[in-house]
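The chains referred to below are lettered A, B, ... by the order of the sequence lines, with proteins before strands, and numbering in each begins at 1.
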Amino acid sequence: MNQQLFVYNTLSRKKELFEPIKSPFVGMYVCGPTVYGDPHLGHARPGITFDLIFRYLTHLGYKVRYVRNITDVGHLENDADEGEDKIAKKARLEHLEPMEVAQYYLDRYHFAMDKLNVRRPSIEPRASGHIIEQMEIVQKIIDAGYGYESNGSIYFDMVKYNQKYHYGKLSGRVLDDLLATTRELDGQDEKRNPADFALWKKASPEHIMRWNSPWSIGFPGWHLECTAMSTKYLGETFDIHGGGMDLLFPHHESEICQSNIANGQEPAKYWIHNNMITINGQKMGKSLGNFITLNEFFDGSHASLTQPYSPMTIRFFILQAHYRSTVDFSNEALQAAEKGLKKLLAAQNLLPKLKPAAQSSEDIKGLEQKLYEALNDDFNSPIAIAHLFDAVRIINSVKDGKASLTAEDLELLKKLFNDFVNEILGLQSEEVASGSDEMLNGVMQMLIELRQQAKVNKDWATADKIRNELGALNIVLKDTKDGAEWSVE
RNA sequence: GGUUCUGUGGCCGAGUGGCUAGGCACCGGUCUGCAAAACCGAUUACAGCGGUUCGAAUCCGCUCGGAACCUCCA
């Protein structure tokens, strides 16, 4: 392992030295999607952010158990009023099982994440599969005297909690302020206090997902599933709890309350939150109706897109900003990312073709050091990418004979690109083929020879015709000192 | 209203006290039959005002602007 890793902990609002509770094991829990709509660009942010963290910790040698839940309970009842998409509507009209809807969108989510080269978590538990565990936590909280029943629903007694514990430590809220500013909500009159949150809700007649319990036929409160599943698979206290910044309050704050009472300790040592993706300066979200789905990016079908963007372009676009910054969507920014990524990967493809020299004119070991320093500083991917572009310049210069690298440095550079570009940043070439297909390769060699002959005869019309017509087929020809090169775009 | 952030060049986006971030775009050059790519060079910054300091994009204060959260949205 290289140097020390520092991570920004939302709990302390500082970068802290990362020391796992039980090294080399690392437990990481991240709040996953609610599967009732198509995955959009906003889902890509935490997916890629925690994929980077997962990949980097693994690269450093940690044994990471990464748990990311699927929320498929409790959120399916009231989507009919606004922003309902066609498929959900269709599902309702055709009287599909709620699980059918959840499965449909879960498959779509997996498909999009796979395209983005986001690794699947170690465990992907579903809330609906952990109702018993959630009810057990409710019972523990009731037994401890912090949960009370009201009309079949169970609520968490926040005022009592705050007497002994510090409510709001994660988000910086003060209970008294919350009591003064909480808005009118359904079921508010059942609570002793507006800040109390539901542990178990009695199901209204139109609520389609419901379970029997000692208290009522109903469903678990929305903060409970993460406490139940993280405790089950990672223990009462684990290393990293992640999620979007929008979940900080009240979701994560409430998880802390539940863990403190049910388990007698805080759930996580490090809280990591990714920032939002914005469009025209505003958060991209389902409830705002300004989101673009990932499939729309992939095929360019959304009205505000001037072209399709490949999954790798989107991944690179997100990694070019630090995960704690907002990143603003625009066609211009996406196009810049597309070109930058192409340049980066083209340089990597060049690496095997470089000829070693007796001496190096560049400091590759120093580059390695800088790459680790960047990622050790709270997973600073934009800095790492900037250093990789320094390497791109070196590679291209070596190719042009303007710089030199020893065989040893070339090997190290190959390893660095493989480790950092492919394994850690998770970026891969999307080229369909370049020389791997034997038949295509043979045809291309023939065309290149014909064109070379035309060039010798100064028959520029024929030479350009071959190049242009190949270009129309997305095969790009480049003339270099050592003859023509080709690649499929 | 409260809490937490934030304001960097044409665009995106790093950077927390002195040292060229980087990418894209634009301009000039090298190479080239032309093109593309690549390389070299130039240009464009730190919202405003005040303070601390030998020195501030970076720390402090104020003003103005923006965002997230305070409703089951990543």
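B/rC39 is paired with B/rG29 under the Watson-Crick or G-U wobble criterion, all donor-acceptor distances under 3.5 Å. A 3.5 Å limit on both hydrogen-bonding distances identifies B/rA67 as the Watson-Crick or G-U partner of B/rU4. Partner assigned to B/rC34 is none, using Watson-Crick or G-U wobble distances below 3.5 angstrom. B/rC19 is unpaired under the Watson-Crick or G-U wobble criterion, no partner having all donor-acceptor distances under 3.5 Å.
Residues A/Arg108 and A/Asp38 are paired through a salt bridge, judged by an N-O separation under 4.0 Å between the basic side chain and the carboxylate. Using a cut-off of 4.0 Å between Lys/Arg side-chain N and Asp/Glu carboxylate O, A/Lys455 and A/Asp479 are scored as salt-bridged.
The aromatic ring of A/Trp460 stacks onto the base of B/rG33, its centre lying under 5.5 Å from the centre of the six-membered base ring with the two planes under 30° apart.
The residue A/Lys343 sits close only to the backbone: its heavy atoms come under 4.0 Å of sugar-phosphate atoms, none of a base.
At a cut-off of 3.5 angstrom, counting only N and O atoms as typed in the model, there is a donor on one side and an acceptor on the other between the side-chain of A/Arg173 and the base of B/rC69.
Atoms CG (A/Asp377) and P (B/rG15) sit 7 Å apart, rounded to a whole Å. For the pair A/Lys478 NZ and B/rA37 C1', the interatomic distance rounds to 5 Å; values are reported in whole Å. The separation between A/Arg13 atom CZ and B/rC69 atom C1' is 11 Å, rounded to whole Å.
For the C1' atoms, the distance linking B/rU6 with B/rC19 amounts to 27 Å, nearest Å. For the P atoms, the distance linking B/rG65 with B/rG55 amounts to 32 Å, nearest Å.
Ring geometry, A/Tyr56 versus A/Phe379: the interplanar angle exceeds 60°, so the pair is classed perpendicular (tilted spans 30 to 60°). Between A/Trp271 and A/His241, the ring planes lie parallel to each other; the angle is under 30°, not in the 30° to 60° tilted range.
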